[in-house]
Q: 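My questions will all concern the structure given below.
The structure presented is a predicted model; accordingly, all values stated were derived computationally and were not measured. The analysis underlying the following values was restricted to heavy atoms, covering all of them including side chains, and did not include hydrogens, waters or symmetry mates. Proteins get letters first, then strands, A, B, ... in listed order; numbering begins at 1 in each.
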There are 2 protein chains.
Amino acid sequence: MPPPPTTPIGVVLARTAKTAGRAFDAALAAEGGSQPIWQILISLKTKPVANQRELADAVGIQGATLTHHLNGMETTGLVTRRRDPDNRRVHLVELTEHGEQLFHRLATAAIAHDQRMRTGLSATEVAQLADLLHRLAANVTDDPSAR
Amino acid sequence: MPPPPTTPIGVVLARTAKTAGRAFDAALAAEGGSQPIWQILISLKTKPVANQRELADAVGIQGATLTHHLNGMETTGLVTRRRDPDNRRVHLVELTEHGEQLFHRLATAAIAHDQRMRTGLSATEVAQLADLLHRLAANVTDDPSAR
DNA sequence: TATTGTTATACTCTATAACTATA
DNA sequence: TATAGTTATAGAGTATAACAATA
C-alpha cells in the first residue's frame, strides 16, 4: 500500500483551518472576543431565533454548551436573558449596548481578517473556493440542511 | 456599514472545517484514534524528526502538549521513548508494532474519509481547492515555511 | 549558560446526564 | 408527559511557567 501521491485534501483542509483559525482567534482575542462568542453575536444580530435551542443549532453546539457561553457573556455584560411572558419556559436573549459594541469591533476584525486571507485571490477564485468547501461539507453531512 | 453580500470566506472555511473535522474525529475514534494521535503517527512514519521539538513543530503544537500526547501513547503502547546515546537530552520516539498497526488502521480510515469528502469533485477541482487553501494559509502565516 | 524534555497547573470548548421550571 | 433551559460533572486539547537533566 503505497502512500497517496499528493497530500490528502482532508489534511490540507485541517491544516489550513488550524492555521487560519488560530490567526482568527488571535484577532478576536485582541478585541476581547472568541470564536464561540463571535458566532453567538453574529447569530443574534443576523437571524431571528425563537429560543436558545435554535441559537445553539445555529452556532453548531449543544444547548448546555450554549448556556455555558451565555453565562459568561451575561457576567461580562454582553447579553441579558429574560423570560418570555408568553411562554415562561423560554429565555429571550438580547444584546446589551456593550454586546452591540463588541459585535461591531469583532465584525471589523473579522472583515480585516477575511481581506487578509483573500489577498491575491480573485473574486472568482473566492467563489470557487466557497463552492468547493460547500460541496466537501455536504459530502460528510448526513443532514443536508446542516449547512 | 452594511453586512457583506456573501458569507465571508473565513466563516465558510471555519464551518466546513468544523463539519469535516467532526466527521473525521468520529472516523478516527471508531478505530481508537484521534486527530493529534493521527498527526503524530503520520509525522513519525513519513518525516525523519531529530527530536521532540521538531515533532511538535511538525504537528503544530507546543512541546509540553506533545509530551502530554506521548505520555498517553506510551501508556497505551503505541510508542516507546528512549534516550539518544549520542545526546542524552534527546528522547528518541519510536513506533511499536501496536503503533504501526494503529497507523495503518487510521490511514485506511483517513483514505476512506478523504474519498467520501471528494465525492463529486474532479481531480482538477481537488487540486484547485488544495491550491486555494494553501494560498489562504500563506496569507495568514508570518513564517512562509510553516505550511 | 543553553538545550531538551517533563511536570504542574490551568484554561477553553465541548459534551452527557440529571435536574428544575413551565406547559 | 413534553419542552426549555440550567447545573453538575467530565474529558479532550491546548498552553504557560517552573523544573530537572544534559551538554
Q: Can you work out whether B/L66 or A/Q35 has the more 5'-proximal nearest nucleotide on DNA chain C?
A: B/L66
Q: Take the protein atom CG of B/D25 and the nucleotide atom P of D/dG13, then report the distance between them rounded to whole Å.
A: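 The answer, rounded to whole Å, is 8 Å.
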Q: Could you list the donor-acceptor pairs under 3.5 angstrom formed between side-chain atoms of residues 37-50 of chain A and any protein atom two or more places apart in sequence or on another chain?
A:
residue	atom	partner	partner atom	Å
A/S43	OG	A/Q39	O	3.2
A/K45	NZ	A/E100	OE1	2.8
A/T46	OG1	A/I42	O	2.7

Q: Under the side chain to side chain donor-acceptor pair (under 3.5 Å) test, which residues partner B/R105, sequence neighbours left out?
A: B/E31
Q: Is there a donor-acceptor pair under 3.5 Å between the side chain of B/R135 and the backbone N or O of A/G120?
A: yes
Q: Would you say the side-chain atoms of A/Q52 pair up with the backbone N or O of A/T67, donor to acceptor, closer than 3.5 Å?
A: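 A pair under 3.5 Å: no.
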Q: Work out how much the helix from C/dT1-D/dA23 to C/dA23-D/dT1 bends between its end axes, five pairs an end, to the nearest 10 degrees.
A: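 Inter-axis angle at the termini of the helix from C/dT1-D/dA23 to C/dA23-D/dT1: 20°.
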Q: Rounding to an integer number of Å, can you tell me how far A/L70 CG sits from D/dG5 P?
A: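 Result: 10 Å.
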Q: Is a side-chain N or O of B/T76 found less than 3.5 angstrom from the main chain of B/G72, in a donor-acceptor match?
A: yes
Q: Taking B/A109's backbone N and O only, do any of them form a donor-acceptor pair with B/H113's side chain (distance below 3.5 Å, no angle check)?
A: no
Q: How close or far is atom P of D/dA4 from atom CG of A/D57, stated in whole angstroms?
A: 11 Å
Q: Classify every nucleotide of nucleotides 14-23 of chain D by which part a protein heavy atom approaches to under 4.0 Å, writing B for the base, S for the sugar-phosphate alone and - for neither, in 5'-to-3' order.
A: BBBB---SBS
Q: Indicate, with yes or no, if B/F103 and B/I111 share a hydrophobic cluster defined by side-chain heavy-atom contacts under 4.5 Å among Ile, Leu, Val, Met, Phe, Trp and Tyr.
A: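 Result: no, two separate clusters.
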Q: Hey, does the side chain of A/R81 reach the backbone of A/H91 with a donor-acceptor pair shorter than 3.5 angstrom?
A: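 Pair absent, no side-chain N/O of A/R81 close to backbone of A/H91.
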Q: Would you tell me if any nitrogen or oxygen in the side chain of A/S34 comes within less than 4.0 Å of OP1 or OP2 on C/dC13?
A: yes
Q: State whether the side chain of B/R116 and the backbone N or O of A/N139 hold a donor-acceptor pair below 3.5 Å, judged by distance alone.
A: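 Between the backbone of A/N139 and the side chain of B/R116 there is a qualifying donor-acceptor contact (under 3.5 Å).
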Q: Please check this pair: side chain of B/N51 against backbone of B/E54, looking for a donor-acceptor N/O pair closer than 3.5 Å.
A: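 The answer is yes, because a donor-acceptor pair under 3.5 Å joins these two groups.
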Q: Using a strict heavy-atom distance below 4.0 Å, which residues from residues 43-55 of chain A are in contact with DNA chain C?
A: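 Nucleic-acid contacts, sorted: none.
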Q: With sequence neighbours left out, write down each residue that passes side-chain contact (heavy atoms from CB on, under 4.5 Å) with B/S122, or none if nothing qualifies.
A: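 If we apply the side-chain contact (heavy atoms from CB on, under 4.5 Å) test to B/S122, skipping adjacent residues, the hits are B/T124, B/E125.
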Q: Expressed in angstrom and rounded to an integer, what is the separation of B/L92 atom CG from C/dG5 atom C1'?
A: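 To the nearest whole Å, that distance equals 13 Å.
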